[in-house]
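Structure first, then comments.
What you are looking at is a predicted structure, and each value in this text was computed from that prediction instead of being measured. One-based numbering, in listed order, for ligands and for the atoms of each.
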Amino acid sequence: MPLSSSVGTAVPRTGSTTYGAIEVLDLPTGGLETVPVSIVQGMRDGPCVWLVANIHGSEITGTAVLHSVLGQLDPRQLRGTVVVVPTLNPAALRTSSRTAYYDQRDPNRSFPGARKETGEEYYPSVYEQVAATVFRYIRESADYLIDMHNAQLRSVPYTIRDRALYRSEAQRGEAEKLAQRLAGMIDAFGVLVINEDLPRAYVSKELHRSTAGAALNEARIPAFTAELGASRFVDERGYDSGVSGTLSVLRWAGLLEDGGQILKAPEIPYPVRSIDHPRAPRSGIVRYVAEPGQRVRPGDAIATLHDVWGRPIGDGVVRSEREGWLTGLSTGSLVYPHSSLATLAVRDDEPLVAPWPEG
Ligand SMILES: [Zn+2]
């Protein structure tokens, strides 16, 4: 359906790009916190795709991607609607921080979704209130959603696919359809797909309350997270992947008919999920010898490790014990015992559609 109602003060207009903002919070110093929104409304009917970024204020690549995509979309050639939110968290962007200065809670675990009952009165945190306001518009209008992030040091671009969860056997068919539409959409982004944590860990880490997690598992909208390289600056490789992946998804969903390519995720021998691996055996100073993107086998060196005097710790090398793909490095230089050195995408044969975990 074409978007018929406003998103905050942004009013959709056929064949035009319009600008506005969602009022999310009144500030104690007067004035309002607002989340910027652009709406590109096509001339013909089609789906409504939400493109959002920068909920973690230090992750800026998605914002640059959205600026580029907006500049390339011609509303007179578009089918359907694209709603663009270049920052979901202006307070965190202002301070280049992961979280808003008025709420240290992870904003990407703050959207509506099942919470653990404590038996006490529940008062939503400041950002939970912001997220609830934005989410009302998402739930109302989005057919698809992409949420853009940055990951770690020298990270390769990848997407994260949440599992579609269902609460009763009667909902299983709907969850399977949802997972299928998500599979098509995420494939069209054209980068390595990493499956999200298994259901028990997913819910206990509140990943079902991330932007994409809540869109998928609460609003039942195909949605995924795109990790576009390292944070704190516009990661050029992540930027290129983000722009081409987003345009490709818009083609796949039928909004863009510009003759451009619909991408496919690279084929790898088995599905994967991400783990923190290897871990540091002791404290020390790290120098990486492996490169993200690289396939890793058990015994392959990931880093060297020395004490502050320069003596090797153990044989001076930290090796992978697992097979997989190195997707990013965890730390610049220093580690403590059990610190994660890298993220590794390892084999994951668990189902992509699953019941909500008990309890
Ligand atoms: Zn992030």
I'd like to verify the contacts: list protein N, O or S atoms under a distance of 2.8 Å from the Zn ion (ligand 1). His56 ND1, Glu59 OE1, Glu59 OE2, His149 ND1
Counting neighbours of NE2 on His306 that are heavy atoms of other residues, nucleotides or ligands and sit closer than 6.0 Å, is the number greater than 12? yes
So do His56 and His149 actually touch side chain to side chain, heavy atoms under 4.5 Å? yes
Any Ile302 side-chain heavy atom under 4.5 Å of Arg319 side chain: no
Does Trp325 have its ring centroid less than 6.0 Å away from the ring centroid of Tyr270? yes
Between the CG atom in Leu352 and the CD atom in Glu176, the distance rounded to the nearest 0.5 Å is 10.5 Å
Check whether the ring centres of Tyr202 and Trp356 lie less than 6.0 Å apart, and answer yes or no. no
